[in-house]
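Some notes on the structure that comes next.
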Amino acid sequence: MIRIENLTVCFGSAIAVRYLSLSVAPGESFGLVGESGSGQSTVLRTLMGLNRGWTGTVSLRGIGLRKGRRAELVRLAQMVFQNPYASLHPRYTIGQAIAEPMRINRLPDPDGRTVELLEMIGLTAAHRFRLTHELSGGQRQRVAIARALSLSPRLLLLDEPTSALDVSVQAKILNLLNRLRRELDLTFVIVSHDLAVISYMCDRLMVMQNASSVETLTGEQLRAGDMQADYTRTLFLASHRRLKVAQLGDEF
């Protein structure tokens, strides 16, 4: 689904991502972790075509990011941003926010599809008439997920999708995402600073530091503490309590 080779992203003289290579299989959930400023979100934004100053090779489902048509790429991949308070238009109703991508791309029956999506994420048809300030944080993030799904993408890019939410709400959103992944056969790339979230959600993960890859692990290796890099080990030890499988079962 994703192939990246030697990706380098620069903002002026600052290097945000340096010679990064990775691949993600269809249906896989892949995590990007590391301290703030390590380049994880920049990778997601590059995949969405939101960064221009990059070199290397990037393809989505075999379509080169530089050569593919924009309309084709946005139907293939969509992004859910970190802050549901900022990612939704405050003057749009929920129905308008979800239907807008379908109207832009001239998809049939956007109103009917909006109702389907609202029910899919655990809201009701009546929610389409509300404004964003009338919803809770968890409900807003559900709407952001529904909007991302409105074009029926195969790939969801999730940038800290639960960090702005209360812990109890985080668990519900994570369970919703896992259900949608199974039912819709989606591929995920998830950025999170929370290793417990990554352990629960991801089949594999890449640890990043200072714009570069440190190492790639499976979820099983992360939970077992089977890692080679000192930096990864430091992250693991800092989150060790939350990475116990029994605790994950209770919390999520």
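Since we're looking at a predicted model, the values are computed, not measured. No hydrogens, no waters, no symmetry mates; every other heavy atom, side chains included, goes into these values.
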Any sub-3.5 Å donor-acceptor pair from [X]'s side-chain atoms to [Y]'s backbone N or O?
X    : Y    : value
D109 : G112 : yes
S199 : L195 : no
S38  : G34  : no

Does a donor on one side chain sit under 3.5 Å from an acceptor on the other, for [X] and [Y]?
X    : Y    : result
E5   : Y19  : no
Y200 : D194 : no
T162 : Q141 : no
H193 : E160 : yes

For this session: Indicate yes or no: does E100 engage R103 in a salt bridge with an N to O separation below 4.0 Å.
Result: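 Salt bridge: no.
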
* Sidechain N-carboxylate O distance under 4.0 Å for R233, D226 ->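 Result for this pair is no, no salt bridge flagged.
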
* Taking atom CZ of R91 as the centre, does the number of heavy atoms from other residues, nucleotides or ligands within less than 6.0 Å exceed 12? ->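 Result for CZ/R91: open.
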
For atom CZ of R61, decide whether the heavy atoms of other residues, nucleotides or ligands shown that lie under 6.0 angstrom number more than 12.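 Atom CZ in R61 is not crowded, with 12 or fewer foreign heavy atoms closer than 6.0 Å.
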
Worksheet entry | R52 CZ to R66 CZ distance, which is reported to the nearest 0.5 Å |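 R52 atom CZ to R66 atom CZ measures 10.5 Å (nearest 0.5 Å).
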
side-chain hydrogen bond (donor to acceptor under 3.5 Å, both in side chains) contacts in which one or both residues fall within residues 202-217, not counting sequence neighbours =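 Output for this query lists R18-S212, E28-R204, R181-D203, E215-T232.
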
Pair R128, D111 - check salt bridge (charged side-chain N to carboxylate O under 4.0 Å, His left out), show working. CA-CA 9 Å; R128 71 188 188 276; D111 294 329; over 6 Å; no

Practice prompt. Answer yes if L44 and L177 sit in the same cluster of Ile, Leu, Val, Met, Phe, Trp and Tyr residues linked by side chain heavy atoms under 4.5 Å apart, and no otherwise.
Written response: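 No, it is not one cluster - the side chains of L44 and L177 are not joined through contacts under 4.5 Å.
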
same_hphob_cluster(L217, V24) at 4.5 Å side-chain heavy-atom cutoff: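 Result: no, two separate clusters.
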
| query | Stepwise, does the salt bridge (charged side-chain N to carboxylate O under 4.0 Å, His left out) test hold for R75 with E72? | reply | CA-CA 5 Å; R75 294 285 299 274; E72 185 178 18; over 6 Å; no

Verdict with reasoning, V17 to V43, per side chain to side chain contact (heavy atoms under 4.5 Å, CB included):
CA-CA 7 Å; V17 177; V43 174; 4.0 Å; yes

Residues in side chain to side chain contact (heavy atoms under 4.5 Å, CB included) with A146, at least two apart?
->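 Only I98, L117, I121 meet the side chain to side chain contact (heavy atoms under 4.5 Å, CB included) criterion with A146.
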
Begin with the C-alpha distance, continue with both residues' side-chain angles, and end with the deciding distance and a verdict on side chain to side chain donor-acceptor pair (under 3.5 Å) for T124 and E119. CA-CA 5 Å; T124 68; E119 293 174 347; over 6 Å; no

Handout entry: Residue list, side-chain hydrogen bond (donor to acceptor under 3.5 Å, both in side chains) with R179, at least two apart or on another chain
Key =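 Residues passing side-chain hydrogen bond (donor to acceptor under 3.5 Å, both in side chains) with R179: E183.
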
